[in-house]
Amino acid sequence: MTAKKGKPAKTRVRELREAINEHNYRYYVLDDPRISDAEYDRLFRELQELESQHPELVTGDSPTQRVGAKPAEGFAEVRHEIPMLSLDNAFDEVEMRAFDRRVCERLERDSVEYMAETKMDGLAISILYEDGSLVRAATRGDGSTGEDVTHNVRTIKPIPLTLHGKNWPGILEVRGEVFMSMQGFLAMNERQQAEGGKRFANPRNAAAGSLRQLDPAVTRERPLQFYAYGVGRLDGGPALATQEGVLKHLRDWGIPVSREGRVVSGIEGCLDYYQKLSDRRAELAYQIDGIVFKVNRLDWQEELGTVSRAPRWAIAYKFPPEEEPTRVLDIEVQVGRTGALTPVARLEAVSVGGVTVTNATLHNEEEVQRKDVRVGDTVIVRRAGDVIPEVVRVLKDKRPKRTRRFNMPRTCPVCGSAAVKEEDEAVVRCTGGIYCPAQCIQSILHFASRRALDIEGLGEKLVEQLYEKGYVRNLADLYDLDAEQLAGLERMAEKSAANVIAALEKSKATRMDRFLYGLGIREVGEATATALAVHFGSLDRIRKASQEELMEVPDIGPVVAGHVHAFFQEPHNNQIIARLIKAGLHWDEFTVSGERPLQGQTFVLTGTLDSMTRDEAKEHLTVLGAKVSGSVSKKTDYVVAGADPGSKLAKARELGVEVLDEAAFLRLIKRQ
DNA sequence: GATCCTCGAGTTCT
DNA sequence: CTCGAGGATC
């Protein structure tokens, strides 16, 4: 089937492209195809054939040209000229009503119209069209900078390479979510498994993984879908007045938009819609994690503006955390750094709210008894605070016969020493001390951890091996390691061994408070270590301090002072410290240097900042003399809220504590 | 002695 | 993030 007689190839090529694009539009956007798949394939093949006969007619936006070359050097960075905002969350009706009240008050209205849209559980991207052609696509990244994934996004069939219809803006940045339908995900996993490939835990990970493929040919085979939820840059085109209008226009221009969107009236409309969708959630072809409500009128959105990185005119009303039943395969007992025995439930793998859960802590003996969790039980698991798995309750009617109550062992499962419960304490502890391999290994890991000496590459598996071999039995042994010993271990080639040696070398230049914290003295965490360093100025003075002198440090009472004093009375500990210093560990005298303009002020950080990590922010504040605390109280002076803030923001509002967004925070630390 | 505020410690998964 | 417990305060 070559060019139809008489017609120039050029004309036929144009006709075919138009027909194919029209079909794609009807299929993906309107969900109302007018031709059969076979007919579509026929058109597509004809176009391919014509193009191969007339290569000069091939253009980048032809529907046959979805798969291009691999990018040479991974993913390039893309800056979003208009940042991709994140959304504030509401988790219950109360928070939802509070949002509506704030909106109404600011707009001085009794009731506002909202556009309600499903929140797809996928990956946010931005797609740029210039003169109607797709020219660039990028992931959201941190909101201001993402990765260039143009080569992969071009292979996603629902996303048009050229816009449909007319009147589209000369520059149009479409924003939306790439996701995978449940059915597509299951089929893909089955295929992957048959081919011995890796399975994905959930549709969201599968979508994200597929988009981050270097080879676009792989991405093309993944059943990715796309729904737009808004626009970024816009130049020309029709005047837009409402979010509803934005979505309608996007659809006219050939961009797929979810059909679940509705305009609802006021808070009651929102709650009603939420309830209806909640009931239908399981029937939907794809996973959603909540409903997004946006003030419909765009001029009102502008009036409301944006705080930090989240708009004041929109909110994501999340569905309650998923709860899933699963079976308890075993209850194991872990030994922590301080010897604390912690029971952990090993569970039959179950997907809860998007991740596979296999373990859940049971905290302590009392907790196991209270919930009466037994091996063989069917339990309900959920992710507390959306992160850490938690056993909610036991389904007693599903309990098999002849199960036994869980009892805490009276000896340490690792070293066999007696395990005892101190008076008035909830935890049972192994009395083996440094002779218990588990405690010893955990202490070494603590010393190497990020907030202590920050020795990169010294992870659990490695330390376990080093202990087994007898190379490292205490902190000082670490610095006697050589590359040869390391290279002889599993999963340790020359290169990684050299990296570990380099990391050890680098860690020798440290800070007194980090070192003190790294020693793992009972009850001495970061804050206490810093307080000690500031008060005494040198390690020697701490070592020589009496219990009474230690108690002069703010926030240190008799118990902590006792632990510190006892630690430095122990000759073994002093020997280790001497060896560490001899190996080259060093730090500057701990002096309170320069101006401390924020002296006496307490800050709490929550959410993610754009310009720095939370640790860096903390560092900045500490240098300026401020105290950075972990929880909000009325003694807190400022709460710094980044994107996706946690419950601390709500607490701050409740207590009337001043909240700084990132910009205000940066101004504050720059000003000093 | 009661109460509030913090800190420490342990925890999961990618 | 959550729990438990130490420290400060009234």
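Numbers restart at 1 for each chain; the letters A, B, ... are given by sequence-line order, proteins then strands. Because the structure is predicted, anything quoted here is derived from the model rather than measured.
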When you check the phosphate oxygens OP1 and OP2 of [N], does a side-chain N or O of [X] lie under 4.0 Å from one of them?
X         : N       : answer
Arg522(A) : dG8(B)  : no
Asn359(A) : dT11(B) : no
Thr358(A) : dC13(B) : yes
Gln334(A) : dT11(B) : yes

Worksheet item: Without hydrogens or angle criteria, can the side chains of Asn152(A) and Arg212(A) be said to hold a donor-acceptor pair below 3.5 Å?
Response: no
Worksheet entry | Distance-only donor-acceptor check, side chains Gln369(A) and Arg405(A), under 3.5 Å |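 Arg405(A) and Gln369(A) do have a side-chain donor-acceptor pair below 3.5 Å.
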Tell me the interatomic distance from [X], atom [atom1], to [N], atom [atom2], rounded to whole angstroms.
X         : N       : atom1 : atom2 : answer
Glu460(A) : dC13(B) : CD    : C1'   : 14 Å
Arg429(A) : dG4(C)  : CZ    : P     : 13 Å
Gln442(A) : dA9(B)  : CD    : P     : 13 Å
Tyr517(A) : dA9(B)  : OH    : C1'   : 9 Å
Leu445(A) : dA9(B)  : CG    : C1'   : 15 Å
Ile521(A) : dC7(B)  : CD1   : P     : 18 Å
Leu347(A) : dT11(B) : CG    : P     : 15 Å
Gln547(A) : dG7(C)  : CD    : P     : 10 Å

Counting side-chain heavy atoms from C-beta on, which of [options] comes nearest to [X]?
X         : options                  : result
Thr338(A) : dA9(B), dA8(C), dC13(B)  : dA9(B)
Pro558(A) : dG7(C), dC13(B), dT11(B) : dG7(C)
Val559(A) : dG6(C), dT12(B), dG10(B) : dG6(C)
Thr528(A) : dT6(B), dG8(B), dA9(B)   : dG8(B)
Lys634(A) : dG7(C), dC5(B), dT11(B)  : dC5(B)
Ser633(A) : dG8(B), dG7(C), dC5(B)   : dC5(B)
Glu523(A) : dT6(B), dG6(C), dC13(B)  : dG6(C)
Ala527(A) : dG10(B), dG7(C), dC7(B)  : dC7(B)
Thr361(A) : dG6(C), dT11(B), dC13(B) : dT11(B)
Asp555(A) : dT12(B), dA8(C), dA9(B)  : dA8(C)

Worksheet entry | cation_pi(Arg451(A), Tyr517(A)) dist<6.0 Å, angle<=45 |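 Not satisfied by the 6.0 Å and 45° rule.
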Practice prompt. For Val357(A), report the nucleic acid contact type (base, sugar-phosphate, nothing); a contact means any heavy atom under 4.0 Å.
Written response: sugar-phosphate
Fill in: Salt bridge Glu365(A)-Lys421(A), side-chain N to carboxylate O under 4.0 Å
yes
Worksheet item: Are any of the side-chain nitrogens in Asp372(A) or Arg374(A) under 4.0 Å away from the carboxylate oxygens of its partner?
Response: yes
Worksheet item: Does CD belonging to Glu190(A) count more than 12 external heavy atoms closer than 6.0 Å?
Response: no
